[in-house]
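Working notes for the structure below.
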2 protein chains.
Amino acid sequence: MMDVLIDTDAADRLVADMLPALPGERIALREAIGRVLRQIVRAETAQPPFDRVMMDGVALRWRDELSRRLRVAGAQMAGEVGQALRDDDDCIDVTTGAVLPEGCDCVIPVERFRRDGDVVALEEGYDPARGQFIHRRGADCAEGAVVLEGGVRIGGPEMSMLASNGVATVEVARAPRIAIISTGDELVPVEATLRPGQIRRSNDLALAASLERGGFDRVSLHHVLDDRDAVRDSLDALLRAHDVLVLSGGVSMGQRDFVPDCLESLGVRCVLHGIAQRPGKPIWVGIGPESQAVFALPGNPVSSLVCMTRYVRPALLRASGLAVPVEYASIRGDTGKPLRLARFLPVRLESDPSGTLLAHARGWSNSGDFTALGGTHGIVELPPERSIAEGAPVRVFRW
Amino acid sequence: MMDVLIDTDAADRLVADMLPALPGERIALREAIGRVLRQIVRAETAQPPFDRVMMDGVALRWRDELSRRLRVAGAQMAGEVGQALRDDDDCIDVTTGAVLPEGCDCVIPVERFRRDGDVVALEEGYDPARGQFIHRRGADCAEGAVVLEGGVRIGGPEMSMLASNGVATVEVARAPRIAIISTGDELVPVEATLRPGQIRRSNDLALAASLERGGFDRVSLHHVLDDRDAVRDSLDALLRAHDVLVLSGGVSMGQRDFVPDCLESLGVRCVLHGIAQRPGKPIWVGIGPESQAVFALPGNPVSSLVCMTRYVRPALLRASGLAVPVEYASIRGDTGKPLRLARFLPVRLESDPSGTLLAHARGWSNSGDFTALGGTHGIVELPPERSIAEGAPVRVFRW
């Protein structure tokens with residue numbers, strides 16, 4: 001099986017084809033921040049919904065020979081209605097955002113007049129234009145026009161459009177229920193006193209952090225010992241309650257690496273086992289009987305984070321209905337010798353003032369060297385069998 | 001005051017100088033995902049902490065003339081200790097991650113031998129090297145070396161290093177307590193039926209979304225009517241309980257825009273009022289008696305989001321102790337005519353395969369045109385008084 005390793009892009013496609021779209025659910029708008037929109041949003045009314053005053057000042061009826069002194073006959077603040085101009089020598093006090101009073105077609109900003117009680121005196125020589133500082137009903141958008149498509153994460157602009165158009169409950173992709181399972185007798189909790197041969201359990205927390213930072217926070221952590229029955233029972237229970245299982249450890253060829261066997265005995269079909277890359281080569285990916293996605297990642301900290309960043313998170317984004325943006329950078333620094341495998345190197349990213357994204361290679365002494373990750377922003381993927389020249393474009397995956 | 005508008009960079013500096021660093025707090029590691037690290041992390045032990053087996057296979061003592069058949073005298077799995085090699089013709093079963101058994105200095109991977117009961121027969125012609133597949137104690141990192149500096153958000157790699165080094169509770173920047181206050185009689189809740197002149201309250205939700213997506217989720221929403229006493233009382237109470245107030249609306253020159261007056265009467269000192277930019281010109285920024293930051297943003301949806309993205313979020317990042325990365329892109333499309341003010345335009349971002357970040361300008365018909373925000377990723381800042389050529393580098397601020 002190690003002889004027929006697939007390449008990184010083929011792995012991507014296999015994973016993409018395997019995963020069904022997550023179902024949608026309807027939730028309160030306030031809860032929808034960061035969720036993936038799964039509906040079209042249409043303009044509830046024309047935008048603006050009325051002729052809207054754009055400046056604080058007075059509204060009046062424009063004429064060729066405008067009076068330079070006008071009587072303030074009323075006021076219409078934002079949120080109010082009902083004012084109408086009766087006399088061409090009158091004006092009406094208005095504020096930004098107010099409905100333009102009936103009969104008016106021009107707004108004079110407050111900087112352009114002096115005011116004395118009920119009388120407004122226009123600045124000398126000031127020549128207002130008909131229609132000025134009025135944002136006309138429907139100028140931005142007709143009623144019913146599509147203002148937002150699905151397939152985006154709900155951030156500031158999206159929330160602005162959802163709320164303005166009265167979308168009080170919103171259809172979003174259901175957040176996937178994710179179980180992270182670390183396997184291995186040598187793993188002890190973070191707060192434990194280390195005995196010889198023991199290692200702190202860090203992959204589950206690191207993978208959870210990666211998922212949460214990527215917008216997936218419905219995550220639970222589990223630890224099972226290297227015992228075939230215990231692993232099988234745990235996986236059986238976890239498969240029933242989750243959309244996604246992420247395992248760390250137990251997928252290389254050792255005699256205790258029975259995770260793939262266990263998974264297959266539970267009806268999880270192997271989609272790929274092994275990718276022509278370093279680190280992360282022994283990754284195992286499968287699909288469960290209820291279409292649960294199962295990612296069994298190598299146990300070393302760097303390999304598991306690389307696989308999470310390169311495959312798991314993009315797959316979950318796609319299943320949520322998001323387009324996964326492809327990002328490139330220009331490589332800087334020593335990238336080492338080519339291999340027959342694709343290589344992932346940690347990088348610091350820097351935006352050059354020209355607009356080019358620079359990826360400064362850090363390198364690592366080996367695939368377990370997580371101390372090289374400090375201060376890095378992501379990884380670059382270097383293709384197999386090729387030397388990479390300084391400045392060459394490479395694909396970037398942010399942590 | 002509108003005559004002496006400061007420019008965007010000067011505004012940035014004023015805001016940066018105004019805001020004190022947020023205090024630190026110590027929290028459980030599991031709660032620290034996404035928080036800003038405020039401590040140095042040192043290697044608890046050498047990395048690796050012991051001579052670590054890098055492959056599943058057998059460990060043995062290397063010699064020039066190695067036996068081709070070896071007796072398996074024991075097993076040492078990951079997490080176990082105590083095995084020692086007694087005889088040079090013996091070997092010991094090992095798995096990836098195991099402590100190298102005493103007396104061994106070479107690991108033969110499982111692919112390189114056949115096994116028959118207790119006897120292992122090496123592949124014909126296979127010539128292992130002394131020390132192979134052993135990750136030596138301390139090879140990556142000496143005990144006590146700094147593996148992580150403060151001033152980063154805790155994601156996957158950071159969590160990996162914190163957990164591996166036994167940092168069970170971690171010093172992070174306290175999350176700022178933020179109140180978002182929308183002002184205006186014309187604002188009604190999202191689920192309300194609109195009457196003429198009314199507008200749904202959307203800015204508070206949009207600003208909350210922007211803050212939460214930027215990593216600030218300790219946010220509460222408030223609405224006050226256009227009444228001087230109500231505004232003053234609300235602001236007074238909110239100032240006592242928050243580190244940051246973000247107001248939307250009530251800061252231009254209209255007669256009802258008494259927010260700056262109210263703030264100053266509560267001891268909030270004006271740091272800036274008005275920036276030479278469009279949209280977002282009327283922004284008011286102040287600092288409270290207990291160093292609370294107060295950002296009073298213009299009421300229109302686009303202006304408030306632009307000011308949030310350009311000033312508020314970067315200021316909060318700096319106060320948290322994070323370096324705020326500067327990002328540039330190469331502009332594409334029609335950017336319109338220069339103004340005497342800096343201009344912000346919404347853009348779609350695309351990473352070109354060369355590594356250049358492209359910003360495709362969308363433009364808007366006016367500063368209230370939030371329908372232009374759909375499908376955009378951020379804004380670009382165009383300097384005043386200059387035509388911007390296609391392809392010119394510009395600063396980008398992601399939503």
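Per chain, numbering begins at 1; letters A, B, ... match sequence-line order. All of these numbers come straight from a predicted model, not from anything done at the bench.
- Proximity to chain B is absent for every atom of Leu358(A), based on heavy atoms less than 4.5 angstrom apart.
- With values rounded to the nearest 0.5 angstrom, Ile33(B) atom CD1 is found 6.5 Å from Leu205(A) atom CG.
- The residue among Leu357(B), Leu349(B), Val99(B), Thr376(B) with the most heavy atom pairs within less than 4.5 Å of chain A is Leu357(B).
- Heavy-atom pairs under 4.5 Å with chain A were tallied for Met55(B), Gln47(B), Arg213(B); the largest tally goes to Arg213(B).
- Neither the backbone nor the side chain of Pro325(A) comes within less than 4.5 Å of any heavy atom of chain B.
- Heavy atoms of Glu149(B) lying under 4.5 Å from chain A are absent altogether.
- In this structure, chain A has a heavy atom under 4.5 Å from the side chain of Leu221(B), while its backbone stays farther away.
- For Ile331(B), no part lies under 4.5 angstrom from a heavy atom of chain A.
- A distance of 9.0 Å separates CD1 in Ile199(B) from OG1 in Thr45(A), rounded to the nearest 0.5 Å.
- Looking at Leu207(A), neither its backbone nor its side chain comes within 4.5 Å of chain B, counting heavy atoms on both sides.
- Interface remark: of the candidates Glu191(B), Arg153(B), Met308(B), Arg201(B), Arg153(B) forms the most heavy-atom pairs closer than 4.5 Å to chain A.
- Between the Ser351(B) side chain and the Tyr328(A) main chain, a donor and an acceptor come within less than 3.5 Å of each other.
- Of the residues considered (Leu148(A), Val147(A), Leu305(A)), Leu305(A) shows the highest number of contacts with chain B, using heavy-atom pairs under 4.5 Å.
- His135(B) places none of its side-chain heavy atoms less than 4.5 Å from the side chain of Asn300(A).
- In terms of non-hydrogen atom pairs under 4.5 Å with chain B, the most contact-rich of Gly355(A), Gly79(A), Ala359(A) is Gly355(A).
- Within the 4.5 angstrom heavy-atom criterion, only backbone atoms of Asp352(A) (N, CA, C, O) approach chain B.
- A distance of 9.0 Å separates CG of Asp226(B) from CD of Glu80(A), quoted to the nearest 0.5 Å.
- With a 4.5 Å cut-off on non-hydrogen atoms, Val81(A) touches chain B through its side chain but not through its backbone.
- When the side-chain hydrogen bond (donor to acceptor under 3.5 Å, both in side chains) test is applied to Thr183(A), no partner is found at least two apart in sequence or on another chain.
- For Val190(B), the parts sitting under 4.5 Å from any heavy atom of chain A are the backbone and the side chain alike.
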Show every donor-acceptor pair shorter than 3.5 Å between a side-chain atom in residues 155-168 of chain B and any protein atom, with sequence neighbours excluded, or say none if there are none.
residue, atom, partner, partner atom, Å
Glu158(B), OE1, Gly155(B), N, 2.9
Ser164(B), OG, Ser202(A), OG, 3.3
Ser164(B), OG, Ser160(B), O, 2.4
Asn165(B), OD1, Glu44(B), N, 2.9
Asn165(B), ND2, Met161(B), O, 2.8

